Colleague: 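Please read through the structure below; I'll follow up with questions.
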Amino acid sequence: QVQLVESGGGLVQPGGSLRLSCAASVRLFSIDTMAWYRQAPGKERELVADITSDGSTNYSESVKGRFTISRDGAKNTVSLQMNSLKPEDTAAYYCNAKRVRRISGLDIAELWGPGTLVTISS
């Protein structure tokens with residue numbers, strides 16, 4: 001069974017930085033789009049940033065200029081560098097992969113990681 005596993009969450013002071021990483025539990029043939037979503041307490045899950053297989057990126061307005069998404073196409077991993085963190089960035093962050101193809105050729109429409117908690121507080 002294919003799973004996505006996030007790492008890198010934690011507690012950091014306002015203005016600090018964190019780097020989140022996500023990798024699949026098994027080797028995959030390809031992933032079309034990889035993304036990070038977040039969900040703050042009492043709020044809906046929202047897209048933070050995504051990146052396609054050709055490297056095109058998209059960011060929510062709230063994180064533009066502060067966060068950078070990147071991926072390693074060969075390893076099918078994705079990272080999110082978060083700088084100038086604010087208390088409002090506090091949330092559970094989820095890794096997402098769309099249009100996944102396994103080595104066997106089996107396609108999976110979408111995968112989600114279990115989430116990693118990011119807390120911004122002094």
Side-chain angles (χ1 to χ4, degrees):
Q1 187 174 358
V2 183
Q3 295 177 322
L4 297 178
V5 180
E6 303 103 337
S7 61
L11 171 66
V12 68
Q13 293 185 341
S17 298
L18 276 177
R19 185 176 181 87
L20 305 182
S21 297
C22 172
S25 58
V26 299
R27 186 165 167 251
L28 298 169
F29 181 76
S30 66
I31 300 176
D32 184 9
T33 301
M34 301 192 78
W36 289 96
Y37 287 74
R38 69 185 181 187
Q39 187 167 18
K43 295 188 177 181
E44 293 188 354
R45 191 172 297 189
E46 62 174 358
L47 175 68
V48 176
D50 61 25
I51 182 168
T52 63
S53 57
D54 65 1
S56 297
T57 58
N58 175 51
Y59 295 91
S60 71
E61 286 297 323
S62 62
V63 306
K64 274 184 181 178
R66 300 188 298 122
F67 291 11
T68 302
I69 190 170
S70 60
R71 67 185 286 177
D72 182 326
K75 297 180 180 178
N76 284 313
T77 60
V78 65
S79 296
L80 185 69
Q81 178 65 42
M82 306 185 293
N83 299 327
S84 302
L85 284 161
K86 305 175 181 179
E88 50 264 43
D89 294 319
T90 294
Y93 284 70
Y94 298 88
C95 180
N96 173 272
K98 294 182 176 64
R99 291 177 289 284
V100 177
R101 175 159 290 181
R102 300 193 65 167
I103 300 294
S104 63
L106 177 68
D107 290 338
I108 303 170
E110 188 170 39
L111 290 171
W112 287 94
T116 185
L117 188 60
V118 171
T119 303
I120 313 303
S121 176
S122 55

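In this text the structure is predicted, and so the values were computed from the model without any measurement.
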Colleague: Quick one: closest heavy-atom pair of Glu6 and Pro114, and the distance?
Modeller: OE1-CD, 3.1 Å
Colleague: Between CG of Leu4 and OG of Ser25, what distance do you get to the nearest 0.5 Å?
Modeller: 7.5 Å
Colleague: Counting neighbours of CD on Glu44 that are heavy atoms of other residues, nucleotides or ligands and sit closer than 6.0 Å, is the number greater than 12?
Modeller: no
Colleague: Would you say Val118 and Met82 make side-chain contact, with heavy atoms under 4.5 Å?
Modeller: yes
Colleague: Of the non-hydrogen atoms in Ala74 and Asp72, which two are nearest, and what is the gap between them?
Modeller: N-OD1, 3.0 Å
Colleague: Hey, could you give me the CE/CG distance between Met34 and Asn96, rounded to the nearest 0.5 Å?
Modeller: 8.5 Å
Colleague: Just verifying a value: how many Å separate Arg38 CZ and Thr116 OG1, rounded to the nearest 0.5 Å?
Modeller: 14.0 Å
Colleague: Does anything in residues 67-93 pair up under ring-ring contact (aromatic ring centres under 6.0 Å, His included), and if so which pairs, sequence neighbours excluded?
Modeller: none
Colleague: Out of the candidates Val63, Thr57, Val48, only one should pair with Ile69 under the side-chain contact (heavy atoms from CB on, under 4.5 Å) rule; please name it.
Modeller: Thr57
Colleague: With side-chain contact (heavy atoms from CB on, under 4.5 Å) as the test, pick out the partner of Val100 among Leu111, Asp32, Leu106.
Modeller: Leu111
Colleague: If you round to the nearest 0.5 Å, how far is CG of Asn76 from CZ of Arg27?
Modeller: 9.5 Å
Colleague: Is there side-chain contact between Ser70 and Gln81, with heavy atoms separated by less than 4.5 Å?
Modeller: no
Colleague: Give a yes or no answer on whether the side chain of Thr90 reaches the backbone of Ile120 with a donor-acceptor pair at less than 3.5 Å.
Modeller: yes
Colleague: Within this structure, what is the OG1-CG distance for the pair Thr33 and Asn58, rounded to the nearest 0.5 Å?
Modeller: 10.0 Å
Colleague: Assess, by modelled atom type and distance only, whether the side chains of Ser62 and Ser60 contain a donor and an acceptor separated by less than 3.5 Å.
Modeller: yes
Colleague: List for me each residue that meets salt bridge (Lys or Arg N to Asp or Glu O under 4.0 Å) alongside Lys98, sequence neighbours excluded, and say none if there are none.
Modeller: Glu110
Colleague: Leu117 and Ala91: which non-hydrogen atoms are nearest, and at how many Å?
Modeller: CD1-O, 3.6 Å
Colleague: How close do Ala49 and Leu80 get, heavy atom to heavy atom, and via which atoms?
Modeller: CB-CD1, 4.4 Å
Colleague: Looking at Arg101, I want to see if its CZ is surrounded by more than 12 non-hydrogen atoms of other residues, nucleotides or ligands under 6.0 Å.
Modeller: no
Colleague: Which atom pair, heavy atoms only, marks the closest approach of Ile31 to Ala97?
Modeller: CG2-CB, 3.7 Å
Colleague: So which pairs with a foot in residues 13-95 pass disulfide bond (SG atoms under 2.5 Å apart), sequence neighbours left out?
Modeller: Cys22-Cys95
Colleague: If you round to the nearest 0.5 Å, how far is CZ of Arg71 from OG of Ser53?
Modeller: 6.0 Å
Colleague: Apply the test side chain to side chain contact (heavy atoms under 4.5 Å, CB included) to residues Gln3 and Val26: give CA-CA distance (whole Å), side-chain angles for both, the deciding distance (0.1 Å), then the verdict.
Modeller: CA-CA 8 Å; Gln3 295 177 322; Val26 299; over 6 Å; no
Colleague: Please name all residues satisfying salt bridge (Lys or Arg N to Asp or Glu O under 4.0 Å) with Lys64, sequence neighbours left out, ordered by chain then number.
Modeller: Glu61
Colleague: Please step through side chain to side chain contact (heavy atoms under 4.5 Å, CB included) for the pair Ser121 and Leu11, ending with a clear verdict.
Modeller: CA-CA 7 Å; Ser121 176; Leu11 171 66; 4.1 Å; yes
Colleague: Which residue pairs pass the ring-ring contact (aromatic ring centres under 6.0 Å, His included) test with at least one member in residues 99-120, sequence neighbours excluded?
Modeller: Tyr37-Trp112
Colleague: Which pairs count as ring-ring contact (aromatic ring centres under 6.0 Å, His included) when at least one residue sits in residues 45-66, sequence neighbours excluded?
Modeller: none
Colleague: Please name the pair of heavy atoms, one in Leu18 and one in Gly8, separated by the smallest distance, quoted to 0.1 Å.
Modeller: CD2-O, 3.7 Å
